[in-house]
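Worksheet: the structure to be examined is printed underneath.
Along the sequence shown, the residues carry numbers beginning at 1.
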Amino acid sequence: METTYTESMRPIQMDMQGDVRRSIREASQIIAPYWPLDAFIANNALANLEHLPFHQAMRDARALGRGNGFLPLKMYRTFFTQQRISEQDVSTAIGDLQKMLALPASIELGTRTWLLQPVYTAWLCQEETHEQVKARQPERWEVIRRHLQAAPAAFAEAGRSGEGKESIPVSAEVTTMVNNQMILWCAAFLDEGQAGWSMPGREQGFYHCWKDLAGEVGLFSFLGDRTLPKSIRDLPDEANMALARSLQGLSRHLSAGTENDTQRFWTEQFTRHLAQLPGWASIIRWREEHPESLWQQRYPITLTDYLAVRLFYELTYLETSVRQPSRSTSLLTRLFTASTKEGEQEHTAELIALLVILCDSLQLEMQEIIDLPTTHFAQLLHLANAWSVEKQQLLWQKAYELHYRDQLLTTVRSHQTGKPETAATPRARTQALFCIDVRSEGLRRHIEALGPYETYGVAGFFGVPMLYHPFGAAGNLTLAPALITPTSHVSEVPRASARTMARQRLSGNALVYRWQLLIHTLREHLLTPFAFVEMVGGFFLFPLLGRTLLPDRWKQLQSTIVGKLLPDVPSEPSILTDPSEPGMSREEQARMVGNLLRSIGMTSHFARLILLCGHGSESENNPYASSLDCGACGGNAGGTSALVTASILNSPAIRAILAEQGTVLPKETFFLAGEHNTTTDEIRILNEDQVPASHRAELHQLKQDLVQAGKDNAGRRLLNLPDASRGQQNVIRHVQQRASDWSQIRPEWGLARNAAFLCGRRSLTTQRDLEGRVFLHSYDQSQDPDGSILEGIMTAPLVVAEWINMQYYLSTIDNQAFGSDTKLLHNVVGQIGVMQGQQSDLLIGLPMQSVMYGNDLYHEPMRLLAIIEADPERIAAILARHAHLHNLVNNQWITLIAYDAATTVAYEFSSATSWHAR
């Protein structure tokens with residue numbers, strides 16, 4: 001009788017389940033939650049490794065096959081040649097990192113002593129390959145080679161072994177086999193309405209649904225095993241029990257010594273499996289961490305479910321191979337033994353070249369090299385081996401970032417007032433609050449250049465997190481950063497005078513829904529697609545021609561038709577008429593908007609018009625459209641947040657409560673709501689119909705200036721976009737065409753080239769061109785006596801900026817591993833994400849076209865530089881209260897600088913008690 005994996009198993013202890021759950025939590029650090037496409041926001045793919053130093057997290061991720069964390073050395077040397085890194089940057093970086101990298105400060109050879117920082121600098125700035133070194137210094141090369149041959153083997157191996165986690169060698173055969181199965185099951189189960197035929201039984205949850213379907217005899221085949229359906233049916237009813245059973249089986253096959261460290265073995269196995277399809281694992285983690293999600297409520301799935309199925313397949317592969325030795329005579333050797341070392345000759349050549357260059361830097365004569373005693377050569381060899389490729393990359397990356405840091409600090413210091421900035425004066429024609437998004441920086445500068453305008457930067461949800469229900473929509477929009485779970489509910493309700501239009505809108509919604517459902521059914525049904533094309537294919541010719549030949553004109557026509565069918569209904573937020581909405585009492589509304597105004601120092605001298613300007617993007621045929629919208633609004637456009645906040649601030653009842661709190665808004669001050677289209681740089685006023693007649697002239701002037709500022713900013717942006725020369729004649733027409741062209745792979749650059757977060761008064765950067773690279777958050781320390789405002793900024797907007805920064809960093813550094821490669825091969829799956837081609841992992845980052853132009857980098861991958869205009873002691877106290885924020889700074893995911901505007905001294909964080917003046 002054949003022995004299957006379900007027989008002869010030891011009873012599973014109940015306390016084992018808790019250990020398994022702990023191991024899953026620990027293993028899941030290698031992945032981060034992935035937001036579905038409809039709410040795709042920036043996220044650090046390695047966010048769960050932020051408790052580690054940056055270089056160690058990059059090393060661990062690479063060891064587990066997640067991808068590279070640094071650019072190739074050749075590219076850094078190209079930056080050096082292009083003067084984007086200077087020799088001084090390299091020298092400074094060596095000094096900053098010398099202790100962390102455990103690099104010796106000096107070396108003694110006989111009676112002579114050398115300080116090594118200039119030696120390291122000279123060596124790193126060499127541009128020669130080892131072939132060029134050999135050709136230039138053949139005699140020294142040969143002498144060093146003979147020394148190396150004579151050296152003890154221990155010297156040659158010193159520093160060779162990788163640091164950190166060991167990669168777990170896995171057969172490509174078993175990995176591919178298990179991955180292919182999991183991709184199919186995950187894509188079918190996680191579908192959110194794209195599939196014509198949905199997977200049956202999903203309401204049971206992933207594990208039970210898989211168990212029922214895969215256990216059907218004759219439906220699914222795996223390795224030709226006829227007993228497989230019965231094995232699946234015999235599995236425990238609970239996923240955690242099945243997972244524990246598979247672990248027991250795997251421990252017998254894969255590790256003879258796991259009894260001594262069982263939990264470590266489990267964690268290693270879970271980590272290995274989660275790292276094999278990090279995209280699918282990441283979205284499952286997001287679903288598990290968002291139980292309020294509609295799709296998670298309907299069709300639940302957990303990492304335990306996912307791992308139970310994966311480990312079952314792997315164990316089945318092993319058991320099948322044991323029963324069929326002819327399939328693999330050395331299965332365990334192929335699956336779980338380290339591969340032979342490769343590249344020995346290449347490593348030796350690089351080591352000799354490094355030693356030659358070190359001897360040159362130390363200015364050793366030829367005879368001195370020949371006469372080097374073994375002990376002295378051993379010192380040189382240890383010194384050379386200390387310079388792993390990873391250390392070189394980290395040092396070059398630091399130098400690259402230092403170059404930009406010094407440039408930005410020079411820009412800030414060049415525009416210094418030397419005295420505290422006064423509050424806004426009544427002479428301001430309009431005050432405008434923009435999102436801190438880097439795309440707002442240029443627009444703000446162009447608006448300020450047109451007259452007495454004052455602009456502020458704040459997170460784009462304007463301090464009012466909410467679940468917003470648009471009129472006639474099927475569900476809610478989450479208008480809040482990912483760090484906040486909103487509990488306030490706001491609905492869009494038609495005004496009493498618009499009931500007829502509201503009924504027409506609802507009728508139009510129903511008609512559009514039925515039409516779309518009919519088309520989707522006819523296209524996806526098994527029997528109707530060919531007949532559907534034959535009957536109505538000709539009707540789609542005109543839209544096809546319009547969208548292809550005249551995309552902007554076709555979109556205008558389409559908008560006109562849709563406007564007739566689905567008219568805009570005059571509406572207002574429900575909280576204005578129904579203060580009983582959950583979490584949105586009038587007191588709560590006043591508290592949120594009061595905090596907003598105080599957080600940016602706007603507590604007096606209000607202008608007659610104040611614009612709250614959210615932002616959103618516009619593009620066609622773009623699965624990643626939400627990534628170009630406002631991350632602070634949950635991947636949605638920010639106009640709605642601006643409109644709700646403006647409505648609250650215009651409410652007499654709210655103003656009365658604010659006055660009691662000390663913030664008096666003049667009766668003549670009116671808050672406008674606007675939305676900045678970041679593709680076209682147009683700003684649309686959303687509550688223009690409510691502006692008092694007394695403000696119409698000022699509104700007219702503002703709209704004219706907004707049009708001009710948008711045109712100026714669009715013209716500047718065009719210089720960095722492909723085909724810029726074609727658009728210079730008619731800038732507005734060109735950007736509108738980009739927004740409506742369904743073949744456009746790059747409607748805009750988004751937040752590419754973001755590099756810094758500057759928190760302080762506007763006087764630090766007014767009319768300074770920051771090249772659209774800086775998140776600008778308004779802050780005035782003089783109006784924050786207890787530091788609570790700065791604490792809110794550092795624990796929310798700063799953290800979100802780091803997420804954005806790291807998503808662009810990783811998507812640029814290794815686009816295939818952390819990005820989503822080229823858009824040309826994208827295949828939208830389940831309306832949740834994209835795959836590459838027909839079957840692949842779920843791609844978790846940005847497309848190549850978002851960070852590169854051809855084969856050249858457009859985004860400059862560097863860690864976020866945070867400059868905060870505040871005392872170091874105040875910042876340090878905030879870091880001490882927030883462990884995650886402290887980890888980001890202390891582990892060098894963020895470079896933090898406290899800036900003193902009065903003295904123009906920048907203090908860079910080194911530790912909680914150590915700040916270095918820069």
Side-chain angles (χ1 to χ4, degrees), residues 432 434 437-451 453 455 542-563 611 613-622 624-625 628-629 637 639 674-686 688 699-753 767 769-773 823 849-850 853-854 856 858:
F434 286 88
D437 189 287
V438 295
R439 291 167 291 182
S440 298
E441 182 267 318
L443 186 62
R444 288 175 60 181
R445 179 161 39 83
H446 287 295
I447 290 173
E448 291 168 343
L450 294 175
Y453 292 107
T455 68
F542 298 105
L544 178 65
L545 292 175
R547 296 177 71 181
T548 304
L549 301 178
L550 296 169
D552 53 337
R553 302 290 172 81
W554 174 258
K555 192 165 187 176
Q556 291 175 5
L557 176 61
Q558 191 178 32
S559 298
T560 301
I561 296 173
V562 171
L611 172 65
C613 192
H615 67 91
S617 185
E618 181 182 1
S619 58
E620 292 287 322
N621 192 29
N622 182 11
Y624 287 94
L628 297 175
D629 285 336
E675 185 172 279
H676 170 209
N677 184 329
T678 55
T679 310
T680 64
D681 275 315
E682 297 170 300
I683 295 180
R684 183 166 55 100
I685 305 299
L686 304 177
E688 184 175 352
L699 175 62
H700 179 72
Q701 182 63 51
L702 173 63
K703 290 174 65 177
Q704 284 187 327
D705 289 341
L706 290 177
V707 169
Q708 183 60 49
K711 183 177 180 181
D712 293 341
N713 196 50
R716 178 193 61 82
R717 287 193 305 108
L718 274 183
L719 298 177
N720 296 321
L721 284 167
D723 304 323
S725 58
R726 293 192 305 165
Q728 293 301 323
Q729 298 299 320
N730 191 334
V731 171
I732 299 301
R733 174 76 186 279
H734 183 77
V735 294
Q736 288 175 343
Q737 284 182 326
R738 298 186 74 88
S740 55
D741 186 354
W742 70 338
S743 67
Q744 180 57 253
I745 60 174
R746 191 181 292 106
E748 58 161 297
W749 278 116
L751 291 92
R753 300 186 78 239
Q767 289 308 301
D769 185 359
L770 303 180
E771 300 177 324
R773 305 190 64 183
K823 282 185 174 183
Q849 287 80 5
S850 294
Y853 184 27
D856 298 327
Y858 178 75

When rounded to the nearest 0.5 angstrom, what distance separates [atom1] in [X] from [atom2] in [Y]?
X      : Y      : atom1 : atom2 : value
Leu706 : Tyr453 : CG    : OH    : 6.5 Å
Leu699 : Gln704 : CG    : CD    : 10.5 Å
Gln736 : Asn677 : CD    : CG    : 9.0 Å
Asn621 : Ser740 : CG    : OG    : 12.5 Å
His615 : Asp629 : NE2   : CG    : 8.0 Å
Ile447 : Arg445 : CD1   : CZ    : 11.5 Å

Test item: [X] side-chain N/O and [Y] main-chain N/O as donor-acceptor pair under 3.5 Å:
X      : Y      : result
Glu682 : Val707 : no
Arg773 : Arg753 : yes
Gln849 : Lys823 : yes

If you compare all heavy atoms of [X] against all heavy atoms of [Y], which two are closest, and at what distance to 0.1 Å?
X      : Y      : value
Val735 : Thr679 : CB-O, 3.6 Å
Pro543 : Trp554 : CA-CZ2, 3.5 Å
Gly639 : Leu686 : O-CD1, 3.4 Å
Asn713 : Leu443 : OD1-N, 3.6 Å
Val438 : Gly772 : CB-O, 3.4 Å
Gly715 : Val731 : N-CG1, 3.7 Å

message = For a quick check under 3.5 Å, do Gln744 and Ser619 share a side-chain donor-acceptor pair by atom type?
response = no

request  = Have a look at Asp681 and tell me which of His446, His676, Lys711 forms a side chain to side chain donor-acceptor pair (under 3.5 Å) with it.
outcome  = His676

inquiry  = Could you tell me if the side chain of Pro722 sits less than 4.5 Å from the side chain of Arg738, heavy atoms only?
reply    = yes

ask   = Which residue pairs pass the salt bridge (charged side-chain N to carboxylate O under 4.0 Å, His left out) test when at least one of the two sits in residues 547-563, sequence neighbours left out?
value = Arg547-Glu620, Asp552-Arg733, Lys555-Glu618, Lys555-Glu620

request  = Output every pair passing salt bridge (charged side-chain N to carboxylate O under 4.0 Å, His left out) with a member in residues 741-750, not counting sequence neighbours, ordered by first then second residue.
outcome  = Arg439-Glu748

request  = Please list, chain by chain and in numerical order, all residues satisfying side-chain hydrogen bond (donor to acceptor under 3.5 Å, both in side chains) with Ser440, sequence neighbours excluded.
outcome  = none

query = Would you call the rings of Tyr858 and Trp749 parallel, tilted or perpendicular if under 30° counts as parallel and over 60° as perpendicular?
reply = parallel

